[in-house]
Engineer: 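Sharing a structure here in structure tokens format.
Letters A, B, ... are given to chains in the order of the sequence lines, protein chains preceding strands, and every chain is numbered from 1. In this text the structure is predicted, and so the values were computed from the model without any measurement. The figures that follow rest on heavy atoms only: side chains count, while hydrogens, waters and symmetry mates do not.
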Protein chains: 2
Amino acid sequence: MPTVADDVFKALADPTRRALFERLARDGEQTVHALTDHAGVSQPTVSKHLGILKIANLVRDRPEGRETYYSAQPQALAPLIDWMSLYADFWRERFDRLESLLKKMDQ
Amino acid sequence: MPTVADDVFKALADPTRRALFERLARDGEQTVHALTDHAGVSQPTVSKHLGILKIANLVRDRPEGRETYYSAQPQALAPLIDWMSLYADFWRERFDRLESLLKKMDQ
DNA sequence: ACAATCCATAGCCGAATGGCTATGGATTCA
DNA sequence: TGAATCCATAGCCATTCGGCTATGGATTGT
């Protein structure tokens with residue numbers, strides 16, 4: 001059953017990609033070069049990971065001259081929220097807050 | 001950055017494993033044999049996947065005679081919620097800022 | 001104009017992944 | 001007791017994955 005959530009789950013399954021996403025979410029839009037400086041892997045590897053994150057809509061790119069600025073798109077986490085909502089009986093409070101935030105941001 | 005969330009993300013990255021978890025969460029505790037009947041893969045493959053889910057604490061096994069009953073442990077999703085909540089906070093900040101800005105502009 | 005920088009793509013490689021069959025121990029049934 | 005069932009493990013194989021270097025187009029700086 002390949003779903004929409006599949007790309008997102010797979011994209012976030014790798015620690016390097018999660019770190020890239022985390023950094024973009026925390027520190028805001030930045031270039032591939034800036035990301036590479038802190039990623040601990042080569043620039044082509046960073047580019048490849050960003051490509052996978054982009055397919056999952058977790059990041060967005062904004063080319064500007066010879067540079068490309070990437071930024072996080074946390075709304076792309078929504079499919080995960082949807083999927084987990086089926087099993088979320090336990091942490092109901094935390095979850096409700098998160099979900100309503102996402103819906104607000106989606107508008 | 002290998003975190004606690006890593007096992008959970010990796011475990012859920014595979015569609016077959018997600019389907020197993022979904023079925024256990026939806027229909028409750030059941031044997032490997034019952035799971036195999038609906039998984040579309042062989043029994044050893046199901047067992048292997050269950051092993052990975054178990055390492056991530058997403059399922060629990062209860063041997064009984066020659067059978068083994070598995071059940072879902074949705075609490076194991078908590079690390080994912082926690083991870084995502086980091087970005088919920090991030091969103092709320094920005095959202096709150098935007099909201100207050102809009103109010104100011106409205107005056 | 002030339003040199004340097006940024007980044008994406010291509011191509012390679014070893015390790016991990018997800019599937020299978022074969023097997024065998026443990027249990028249950030006839 | 002003997003046959004059948006349940007399930008985990010082992011071992012195999014093809015594919016995917018995550019890293020690298022090499023390269024080259026585009027842009028920017030000198």
Side-chain angles (χ1 to χ4, degrees), chain A residues 1-3 5-24 27-73, chain B residues 1-3 5-24 27-73:
Chain A
M1 261 180 264
T3 80
D6 205 56
D7 282 341
V8 183
F9 270 119
K10 281 199 161 66
L12 295 176
D14 179 72
T16 302
R17 279 195 295 271
R18 272 207 309 286
L20 284 171
F21 177 81
E22 285 168 14
R23 180 171 180 85
L24 286 172
D27 302 338
E29 186 186 61
Q30 53 202 291
T31 67
V32 175
H33 186 244
L35 289 168
T36 300
D37 281 347
H38 302 85
V41 292
S42 68
Q43 172 267 311
T45 299
V46 169
S47 282
K48 196 191 272 188
H49 281 312
L50 288 171
I52 293 171
L53 290 169
K54 187 180 168 187
I55 287 175
N57 291 313
L58 284 162
V59 301
R60 180 168 116 55
D61 63 335
R62 183 176 64 80
E64 186 173 318
R66 65 182 165 180
E67 303 187 323
T68 306
Y69 286 88
Y70 280 85
S71 54
Q73 299 286 103
Chain B
M1 262 189 255
T3 81
D6 205 54
D7 282 340
V8 184
F9 270 119
K10 280 199 162 63
L12 295 176
D14 179 72
T16 302
R17 279 196 295 271
R18 273 206 310 285
L20 285 171
F21 178 82
E22 286 169 13
R23 180 172 180 83
L24 287 173
D27 302 340
E29 186 186 61
Q30 53 202 291
T31 67
V32 175
H33 187 243
L35 289 169
T36 300
D37 281 348
H38 302 86
V41 292
S42 68
Q43 172 267 311
T45 299
V46 169
S47 282
K48 196 190 272 187
H49 281 312
L50 288 172
I52 293 171
L53 289 170
K54 187 181 168 186
I55 288 174
N57 291 313
L58 284 162
V59 302
R60 181 169 114 57
D61 63 334
R62 183 176 64 80
E64 186 174 318
R66 65 180 166 179
E67 304 187 321
T68 306
Y69 287 87
Y70 281 85
S71 54
Q73 299 285 104

Engineer: From CD of A/Q43 over to C1' of C/dA4, roughly how many Å is that when rounded to an integer?
Structural biologist: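 Answer to the nearest Å: 15 Å.
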Engineer: Between CZ of A/R18 and NE2 of A/H49, what distance do you get to the nearest 0.5 Å?
Structural biologist: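 Rounded to the nearest 0.5 Å, the CZ-NE2 separation comes to 11.5 Å.
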Engineer: When you look at A/I52 and A/K10, which way does the side-chain contact (heavy atoms from CB on, under 4.5 Å) test go after all the steps?
Structural biologist: CA-CA 9 Å; A/I52 293 171; A/K10 281 199 161 66; over 6 Å; no
Engineer: Please determine whether side-chain contact (heavy atoms from CB on, under 4.5 Å) holds for the pair A/V59 and A/L20, giving the CA-CA distance in whole Å, both sets of side-chain angles, and the decisive distance to 0.1 Å.
Structural biologist: CA-CA 10 Å; A/V59 301; A/L20 284 171; over 6 Å; no
Engineer: Where do A/V32 and A/S47 come nearest, in terms of heavy atoms and distance?
Structural biologist: CG1-OG, 3.9 Å
Engineer: For a quick check of understanding: with a heavy-atom distance under 4.0 Å over all strands, which category does B/P63 fall into, base, sugar-phosphate or nothing?
Structural biologist: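 No contact.
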Engineer: Closest nucleotide of DNA chain D for A/R17 versus for B/R66: which of these residues is on the 5' side?
Structural biologist: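 The residue mapped nearer the 5' terminus is B/R66.
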Engineer: If every non-hydrogen atom of A/A13 is compared with every non-hydrogen atom of B/D6, which pair is closest and at what distance?
Structural biologist: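 That closest heavy-atom pairing would be O-OD1, 3.7 Å.
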Engineer: So which of residues 49-62 of chain B are in contact with DNA chain D, with a heavy-atom cut-off of under 4.0 Å?
Structural biologist: none
Engineer: Reckon B/Y70 touches a base, only the sugar-phosphate, or nothing at all at heavy-atom distances under 4.0 Å?
Structural biologist: sugar-phosphate
Engineer: With sequence neighbours excluded, what pairs up with B/F21 under the ring-ring contact (aromatic ring centres under 6.0 Å, His included) test?
Structural biologist: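 ring-ring contact (aromatic ring centres under 6.0 Å, His included) check on B/F21 returns A/W83, A/Y87.
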Engineer: Could you list where the contact with chain A starts and ends along DNA chain D, reading 5' to 3', using a 4.0 Å heavy-atom cut-off?
Structural biologist: D/dG18 to D/dT28
Engineer: Should B/T45 be listed as having a side-chain N or O under 4.0 Å from OP1 or OP2 of C/dG18?
Structural biologist: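 The answer is no; no side-chain N or O of B/T45 sits under 4.0 Å from OP1 or OP2.
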Engineer: So, is B/S42 near the phosphate of C/dC20, with a side-chain N or O under 4.0 Å from OP1 or OP2?
Structural biologist: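 Answer yes for this pair, as a side-chain N or O of B/S42 is under 4.0 Å from OP1 or OP2.
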Engineer: Between atom CG of B/L24 and atom CD of B/Q30, what is the distance when rounded to the nearest 0.5 Å?
Structural biologist: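 One gets 5.0 Å once the value is rounded to the nearest 0.5 Å.
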Engineer: Within the structure shown, what part of the strands sits under 4.0 Å from B/T31 by heavy-atom distance: base, sugar-phosphate, or nothing?
Structural biologist: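 Sugar-phosphate, no base atom in range.
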Engineer: Let me confirm one number: the CZ-OG1 distance from A/R62 to A/T31, rounded to the nearest 0.5 Å.
Structural biologist: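 Reported value, rounded in 0.5 Å steps: 10.5 Å.
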Engineer: Go nucleotide by nucleotide along DNA chain C from the 5' end; which of A/T68 and A/K48 gets its closest nucleotide reached first?
Structural biologist: A/T68
Engineer: Just the rounded figure in Å: distance from P of C/dT17 to NZ of B/K10.
Structural biologist: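 Computing the B/K10:NZ to C/dT17:P distance gives 7 Å.
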Engineer: B/D61 pairs by side chain to side chain contact (heavy atoms under 4.5 Å, CB included) with which of B/L50, B/T68, B/L53?
Structural biologist: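 The residue from B/L50, B/T68, B/L53 that satisfies side chain to side chain contact (heavy atoms under 4.5 Å, CB included) with B/D61 turns out to be B/T68.
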